[in-house]
Structures are given as C-alpha cells and as structure tokens.
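Each ligand, and each atom within it, is numbered from 1 in the order the structure gives. Keep in mind that the numbers below use all heavy atoms, side chains included, and drop hydrogens, waters and symmetry copies. Bear in mind the structure is a predicted one, so any value in this text is a computation, not a measurement.
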Amino acid sequence: MTTDSLTPPPLVDPDAEGCPPEQRRDLQQRRLRELVDRLLRADGEQAGRLRTAGVTAGAEVTLDDLAKLPTVTKPDLWAHYPWGLLAVPRADVVCIHGSSGTSGRPTLVPYTAADVAIWADVMARALGGAGATRNSVIQVAYGYGLFTGGQGVHHGGLRLGATVLPMSAGMTDRQLRVLADLRPDVLCCTPSYAIYLGEALRAAGTDPASLSLRVGVHGAEPWTEGMRQQIESLLGIRALDIYGLSEIIGPGVACESLDSAGLLNVAEDHFYVEAIDASGHPVPDGTPGELVFTTLTKTGMPLLRYRSGDVATLAGPAAGSPRTLRRMSKLLGRADDMLVVRGVNVFPTEIEAVLLADERVSPHYLIVEDRRVPARAELRVFAEPMSADPATAEALRAELTNALRERLGVGCAVRVVEPGTVPRTEVGKARRLLRVAEGEELPTPWNSLT
Ligand code: DLL
C-alpha cells in the first residue's frame, strides 16, 4: 500500500471518482430524475410532499431547483418506524441496519441488494483512497451488528479484494494479538477506540513501529486535529477521517484520501450533498452549513434532501488530485449538539480543540451542559491530565479556563480530574457530552465533583 502523500493512491473506480465534474453533473441530473420518479411510484410520504410542491414527474426537476424541493428529517423516519420510508416490496429488503441514536430511539434503514452493492463500491473507493489495495490486510474494529460501521467497511474490503479481519469492537487483548500476528496494514475503528488501542499497545510494551500498520480510517463520532495527532503518534500511522450515516448508507458517504488535503471526498455520484443555513438557504463553499443528502441511486429507502443535522463546510476537488469529487470538511458539530450558553453558540469540537492543544491533557474528557438552574446555565468541562500531579492540577485548570474563555467567548467551569475518571469506550461511540436539565441530577462521579 502507499501512504506517501506525494503519490496519489490509484482510483478504485476511475469513471466515478475521476471523471470531469460537468460529466458527473449530467449523471447526477439523470439520477435525480430517476429518483423522483421512483419516489412518486412508491407513493409514500415523500411522493406526497413532492406532489404538494407541484412535482408530478422526474422530468420536471433539475439540480438547480433542488433547494426548492421538500426535505426529510429523522423524525420523519421515526414516524414510519420500524420500516422507515421503504420504497420497495419488503421481499426486496436483504438487510436492515441503523443506529441506536442519542435520544434512545433507533433509526432503522432497509437495504436492497443493489444498495449493498453501492455500499461496497463507495467503501472500496474510501479504502483505496487511504492506500489500501488487494494486498492489504484490513482490521475492522468497528462494531458489527445493526451499527453500519463493521459491516460497511467489511463490504468495501471484500469488494477491493483485500483480506478482511472482522474483529468487531472490544476484546482489546485479542485485537492486539491479531495486530501482531496477522500484521494488518489498515485499521478501521472509531477514533476513540484507536486511542484506546494505542494506549493498550503502549501499556503492553509494544513499539508500534514493530507492527505493519500504515493507515487508520476513523469515524462515526466527532474528532479533531488534536485527536488525529494523538492517534498518529500512538499507533505510528496516518489517521484519516471517514464520514457517513445509516440513513444515507453508513460509512463511505465521504472519506479523506491520502491526497485530499485534509478534507473528505464525497461519493457525490451516489449521494448529492448540499449545505444549508438555519432558514434552509444554500450557503457558499467554505461557509458552515447543515449537510443535506440526496441518495441518487438507492432503492430500499431512497431519500430526497435528508437533513443530516451535521454541520460542515463544502469545497471543490483538491488541486492536483486525480479525484474530482467535491469535498467536505471534518464535521464542525451537529446542528442539534450546538450548545448555547449565555447566548454564545459553542460546538463541543471547539472545546476539544482547546483541550487537546495542551499536551498535558488526555483525549478523555467530558463536557456537561448543566441547566439544573436554568437562569445560570453552566458549561462544565472535566479534563483528565496525562499524568497525575496534584501540584500542577490547579495551574492546568486555570490555564484551560483562560484558553476556553478566549476561544469560545464564554466562561466554562473546568475541573481537572484524576487520570482514569472519565469512562473509556471500547465498544460503540464515545460519549463526550452530557446534558442535564432542570430537575435532573448529575450522575456519579460527576455530582461529587461540581
Ligand atoms: O456512524 C456511520 C459510520 C460508521 C461512519 C463508521 C464512519 C465510520 P450512524 O450510527 O447512523 O452512522 O451515525 C451517524 O454519526 O450523522 C454524525 O453525526 C456522526 N458521524 C459519523 N461519522 C463521523 C465523523 C455512522 N467522521 C452520525 N466525524 C452522523 C464526526 C461523525 N461525526
């Protein structure tokens, strides 16, 4: 495999990834019309909304008018639980995936065989962009199950012709064993589990340079450049970001490649992306907006203008790259994760950036939006130092408080806690944000620390 950023990794699907953008736009236009016809034929919720908007056939819509078409949201999927906005007979559904969701309600998504094939294609491209080839050994340490992480990467690895190690998440001792014995060159897992694995490797006295790992493909949860540096130094790899959501397909909606200059190539021949402001108007490239996806080719649960709630900026293709796809930034946050404290909007990732810019601070932290007293909402930050040193904890607390006030424009109540206090995540997504409303209590151990 190649991890030399000067040599772009070869395209897995040159027609899709490397065609001139105007040619791709024609394809998107054609696929959008087919999608609208498919939705109208299925005659479900989205057909009703299209007709209300005056659309009676795909031939009437153009990509330029997309912003005028109706959107769908997660509550629309919940309203049609458990089959979602299914657009084919149930017999055509070959599997169901989904996410447990932060608000406790699962979002289930039916896939047809054609959807699984699209998933394998986009994931193969993502892995190829990270430098993986058919000679690669890919350790998949995302969870296998309803969650799309494990299975999605698995499909892509098989499509690439690589050797897939379906480890799933957790059982860290076994992961370390396989890293040493089967010598994978690609590691796919959440960024928080990558750090967990890296720390476990160090604790076991293994030098990462003695392994064969070259690249990590990490996503499913927010992470910052600070975390990237930590993963890269703990595991001795290039760490790339992969983005996706079950509603659209799972991982592979967008992924960094070695030559994408820190942004993620969007698989926009299948998933057309827009970025909109709070009132629904498109924002220009470079301006943060909520990502809205249209699944141009999916058949099981095709979605026209799905509002993801994820906030990022969009950009054109990377200069000099054979990949001509539009790119998105790392996620800046979620529209609904945004914390509004004393009138100031704060994304948790901004707090993480401040914490991890200080090398004394470990990547295990917790942010609490404390609204127990609504009139005095407080942003609490529990930071864990790399090493326990009560003598310097107070100085660290004061410095972090100042740095956060400077960056966010709002004061945070910082607490430096003993190493090991913040729960680690072996399986699933790390939970770094807790919201506590009036009448609720902070769970232990945080209640004794405020
Ligand atoms: O997390 C799919 C996935 C699996 C992506 C493995 C990458 C790797 P869901 O469980 O449906 O799907 O959660 C989707 O997770 O709307 C984002 O808010 C968040 N998310 C996903 N990838 C990233 C990322 C999978 N790279 C939700 N950075 C999305 C930040 C991410 N947040």
Side-chain angles (χ1 to χ4, degrees), residues 73-74 77-78 84 96-109 111 119 122-123 126-127 130 138-157 168-169 186-194 216-228 231 239-256 260 262-267 271 273 288 290-293 295 301 303 306-313 327-338 347-350 352-353 425 427-433:
T73 58
K74 205 184 255 291
L77 304 188
W78 287 337
I96 290 183
H97 282 278
S99 69
S100 48
T102 40
S103 44
R105 217 169 338 168
T107 305
L108 299 181
V109 180
Y111 295 63
W119 200 9
V122 294
M123 263 316 305
L127 291 165
I138 303 175
Q139 181 152 342
V140 185
Y142 285 112
Y144 278 65
L146 262 190
F147 175 56
T148 51
Q151 208 74 50
V153 179
H154 192 108
H155 290 313
S168 199
V186 184
L187 172 67
C188 300
C189 63
T190 59
S192 50
Y193 193 51
V217 181
H218 309 296
E221 61 186 23
W223 58 307
T224 54
E225 290 301 328
M227 273 184 86
R228 192 201 298 270
I231 294 170
L240 302 179
D241 195 355
I242 182 163
Y243 165 81
L245 58 168
S246 330
E247 297 89 316
I248 300 306
I249 199 118
V253 172
C255 188
E256 257 185 293
S260 66
L263 302 187
L264 291 76
N265 307 302
V266 181
F271 314 118
V273 64
E290 180 183 348
L291 300 179
V292 176
F293 289 99
T295 64
M301 192 181 79
L303 294 178
Y306 180 72
R307 290 188 65 155
S308 67
D310 292 326
V311 177
T313 61
R327 294 172 300 157
M328 59 177 260
S329 67
K330 273 178 103 52
L331 279 205
L332 303 170
R334 283 200 44 87
D336 55 8
D337 248 11
M338 202 171 63
F347 281 119
T349 46
E350 291 180 278
E352 181 185 297
T425 314
V427 179
K429 305 188 186 210
R431 192 155 171 73
R432 300 204 184 85
L433 176 66

Open item on the list: Does any part of the side chain of W119, heavy atoms only, come nearer than 4.5 Å to the side chain of H97, both counted from C-beta?
Closed with: yes
Task: Side chain proximity check, V217 to V153, heavy atoms < 4.5 angstrom - done: no
TODO: List every atom of ligand 1 that sits less than 4.0 Å from any heavy atom of R334, numbering the atoms from 1 in the order shown and giving each element.
DONE: 16 (O), 18 (O)
- [ ] Check each atom of ligand 1 against the heavy atoms of S246 and keep those under 4.0 Å away; list them by number with element.
- [x] 9 (P), 10 (O), 11 (O), 12 (O)
Open item on the list: What I'd like to find out is whether the side chain of E256 reaches to under 4.5 Å of the side chain of Y243, using heavy atoms alone.
Closed with: no
Open item on the list: Within the structure provided, determine whether W223 and D241 are in side-chain contact (heavy-atom separation under 4.5 Å).
Closed with: yes
TODO: Please work out whether any backbone atom (N, CA, C, O) or any side-chain heavy atom from C-beta onward of L245 is under 4.0 Å from ligand 1, and answer side chain, backbone, both or neither.
DONE: both
Task: Student check: side-chain heavy atoms of R432 and E221 closer than 4.5 Å - done: yes
Task: Under-4.0 Å heavy-atom contact with ligand 1, by part of K429 that carries it - done: side chain
Open item on the list: List the residues meeting side chain to side chain contact (heavy atoms under 4.5 Å, CB included) with A126, not counting sequence neighbours, and say none if there are none.
Closed with: M123, I242, C255
Task: Protein contact to atom 19 (C) of ligand 1 [nearest heavy atom, distance to 0.1 Å] - done: A220 O, 3.8 Å
- [ ] Over all heavy atoms of both residues, which pair between A220 and T190 is shortest? Give the atoms and the distance, please.
- [x] CB-CG2, 4.3 Å
- [ ] Could you check atom 25 (C) of ligand 1 against the protein and tell me its nearest heavy-atom contact, residue, atom and distance included?
- [x] G244 O, 3.5 Å
TODO: Find all atoms of ligand 1 within a distance of less than 4.0 Å from any non-hydrogen atom belonging to I242, and give their numbers and elements.
DONE: 7 (C), 8 (C), 22 (N), 24 (C), 26 (N)
Task: Distance from atom 28 (N) of ligand 1 to nearest protein heavy atom, with residue and atom - done: E221 O, 3.2 Å
- [ ] Measure the shortest side-chain to side-chain distance between F147 and S246 over non-hydrogen atoms and say whether it is less than 4.5 angstrom.
- [x] no
- [ ] Using a strict cut-off of 4.0 Å, indicate which atoms of ligand 1 neighbour a heavy atom of S99.
- [x] 9 (P), 10 (O), 11 (O)
Open item on the list: Taking 4.0 angstrom as the limit and counting only heavy atoms of T148, give me the atoms of ligand 1 inside it, by number and element.
Closed with: 2 (C), 12 (O), 25 (C)
- [ ] Check each atom of ligand 1 against the heavy atoms of D241 and keep those under 4.0 Å away; list them by number with element.
- [x] 24 (C), 26 (N)
Task: D310 neighbourhood, listing ligand 1 atoms whose heavy-atom distance to it stays under 4.0 Å - done: 16 (O), 17 (C), 18 (O), 29 (C)
